[in-house]
Amino acid sequence: CVNNIAMLDAPSPISAYPGNKVNISIITVGQLHGASSDVVTYSKCDVISCPNFKINCAVENCTNPSHKATDLQPTNQNCTNYTYLVTANRNKAYSVLLSLVTTTYANMAAFIPYRFVIDITECPFGFKTWSNISMCSADEVLLKYHIDNDVDTATVIRSNTIWIGNSSLNTLAVHSNCPYDYCNPNSITFRVAIEQDSQCNYNRTGVLCGGCKPNMSTVFGSNRCIPCTNDQRLWLLIPFSLMGVVLVMLLFLLNCTVSVGTIHGLVLYANIIAPGIFYRLNFPDPTRRLVFIAWLNFNFGFETCFYNGMNTIVKAWLQFVFPAYILLLVGVFIFLSRWSSLVARCFRRNSVAVLATLILLSYTKVLETVITVLA
C-alpha cells in the first residue's frame, strides 16, 4: 500500500530474526475493489522453495489463520501497518510464507490473500534462541551482568565502566572494569555486532577500547588517540636525556632527597595520594592533570606525540625507559665516585638517599606500567 493505493506486485523477501517486529503497510479492499475497513490476521507455512517470492512456493507445516487477540489487527480505508512478531520453531535460518487474510472474506473461494516471504535469519550477535523460547533473547553473559537489552532492535544498554563486545575468540564478552578513560561512562545504547566502538572514548577502538582507530596514535600525557606525523617528537629524546642528567645532579648537589622531611611528604603525596584522586574524580578531560604532580610521577603532564602509529603496548613499555635511565645514571655516578675523588666529594656522601628518592619517585610510575602491561 502506497499513498492509500493497493499495490498488487509481489514484495521482495523480508529478512528478520526471531523477536523482530515486521511492519507491513496494507489496505483492505472489498469485492468492488474499493478500500474498506476490516480485521486482518495471518496464516503461515514453512517454505521449502519459492523461486518467485509468493507464487508456486513449495511449503509445509501450514497453519490456519490465527485468532489470537494480538494477531487480529483492524484496518481502515487508509494505509495501515500490520505488525507481525517473527517467531521460530527451529534453531537455524529458514523462510516462511506469510499470508495476510481478513476475517470477513477469509473463507470465500474468490478471496486472494496478500502473501510474502520472510527470511528468518539467525539471532544477532549477543542474542540466542533457547529451547523453550521461540524468539531470540539475551545471551547468558548479558543476563549474568544484568545488562538491559532490546531484542527487537538488537541493542544493549551499558554505562559506567562496563565494556560489551566481540572478544578475540569471536564470542560475546562483558568486562565490568574497562580501563580508566578508555570507555565512555555515560549510558549508551548500541548494537554489539557493528557499533561496539561507540562505547569508547577519545578515538579508541577494539577489545576494551584498547587500540586506536586507523590513522590515530596513542600519546604520552593522556589516554587519547590523536593524529600524529612521522617527523615529530623523536627529538624529545635529546631534552629528556639532558633532563635526566640534570635531575640526578640536582638531587646530589642540593640534597633534595627523602631524608628531608618536607621532600619526603611531598613525594609521598604526589606518588600515592594524587594519582588515586585523579582516577576517582573521573576528570572529563585527561589533559587537566596538574603538570607539577605529573612530573613528580615521571609523567609528561601534557599530550605529546612520540611517533606516528604508536600503540598502547609500545607506549606501556616505553614508560619503563625514563625511570630505568634515571636509576642507571645514579649507578654511573656512584661507580665514577670510586675512581674520581672530585666526583666522590660531590656525589658519594648522599648517594643512598638520592637512590632512595628516585626509587620512590619511580614507584607509582613503574607499578602503573606493570599493571598496564600485564592487563
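Along the sequence shown, residues are numbered consecutively beginning with 1.
- At a cut-off of 3.5 Å, with distance as the only test, no side-chain donor of Thr75 or Asp38 sits close to an acceptor on the other residue.
- To the nearest 0.5 angstrom, Asn223 atom CG is 5.0 Å from Asp181 atom CG.
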Quiz item: Taking it one step at a time, do Val40 and Ile26 satisfy side-chain contact (heavy atoms from CB on, under 4.5 Å)?
Solution: CA-CA 10 Å; Val40 175; Ile26 61 172; 3.9 Å; yes
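- Judged as a side-chain hydrogen bond (donor to acceptor under 3.5 Å, both in side chains), and not counting sequence neighbours, the contacts of Ser137 are Trp130.
- Take Val207 and apply the side-chain contact (heavy atoms from CB on, under 4.5 Å) test, not counting sequence neighbours, and it matches Trp163.
- Atom OG of Ser217 sits about 11.5 Å away from atom NZ of Lys315, to the nearest 0.5 Å.
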Quiz item: So Arg115 and Leu97, side-chain contact (heavy atoms from CB on, under 4.5 Å) or not? Walk me through it.
Solution: CA-CA 7 Å; Arg115 294 192 177 105; Leu97 178 65; 4.0 Å; yes
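- Checked by atom type and distance alone, the side chain of Asn184 pairs as donor or acceptor with a backbone atom of Asn186 at under 3.5 Å.
- Shown here is Asp152, whose CG atom has more than 12 heavy atoms of other residues, nucleotides or ligands within 6.0 Å.
- Thr189 is linked by a side-chain hydrogen bond (donor to acceptor under 3.5 Å, both in side chains) to nothing, counting only residues two or more places apart in sequence or in another chain.
- Checking side-chain atoms of Thr83 against main-chain N and O of Asn23 turns up no donor-acceptor pair under 3.5 Å.
- Think of Val219 as one node in a network of Ile, Leu, Val, Met, Phe, Trp and Tyr side chains linked at under 4.5 Å; its network also takes in Ile226.
- If you take CG on Asn20 and CD1 on Ile14, they are separated by 10.5 Å, rounding to the nearest 0.5 Å.
- Separating the CD1 atom in Ile164 from the CG atom in Asp139 is a distance of 11.0 Å, to the nearest 0.5 Å.
- Met216 forms part of no hydrophobic cluster, judged by ILVMFWY side-chain heavy-atom separations under 4.5 Å.
- Applying the salt bridge (charged side-chain N to carboxylate O under 4.0 Å, His left out) test to residues at least two apart or on different chains, the pairs with a partner in residues 183-200 are Arg191-Glu195.
- Applying the side-chain hydrogen bond (donor to acceptor under 3.5 Å, both in side chains) criterion to Asn201, with sequence neighbours excluded, gives no partner residue.
- Hydrophobic clustering, defined by side-chain heavy atoms of Ile, Leu, Val, Met, Phe, Trp and Tyr closer than 4.5 Å, groups Val39 together with Leu72.
- Annotation: side-chain contact (heavy atoms from CB on, under 4.5 Å) contacts of Ser176 (sequence neighbours excluded): Tyr145.
- Qualifying side-chain contact (heavy atoms from CB on, under 4.5 Å) partners for Thr171, counting only residues two or more places apart in sequence or in other chains: Ser167, Leu169.
- Residues that satisfy the side-chain contact (heavy atoms from CB on, under 4.5 Å) test with Thr161, not counting sequence neighbours, are Asn177.
- Each of Leu172 and Met135 belongs to its own hydrophobic cluster when Ile, Leu, Val, Met, Phe, Trp and Tyr are linked at side-chain heavy-atom distances under 4.5 angstrom.
- Residues passing the salt bridge (Lys or Arg N to Asp or Glu O under 4.0 Å) test with Lys128 are Glu140, sequence neighbours excluded.
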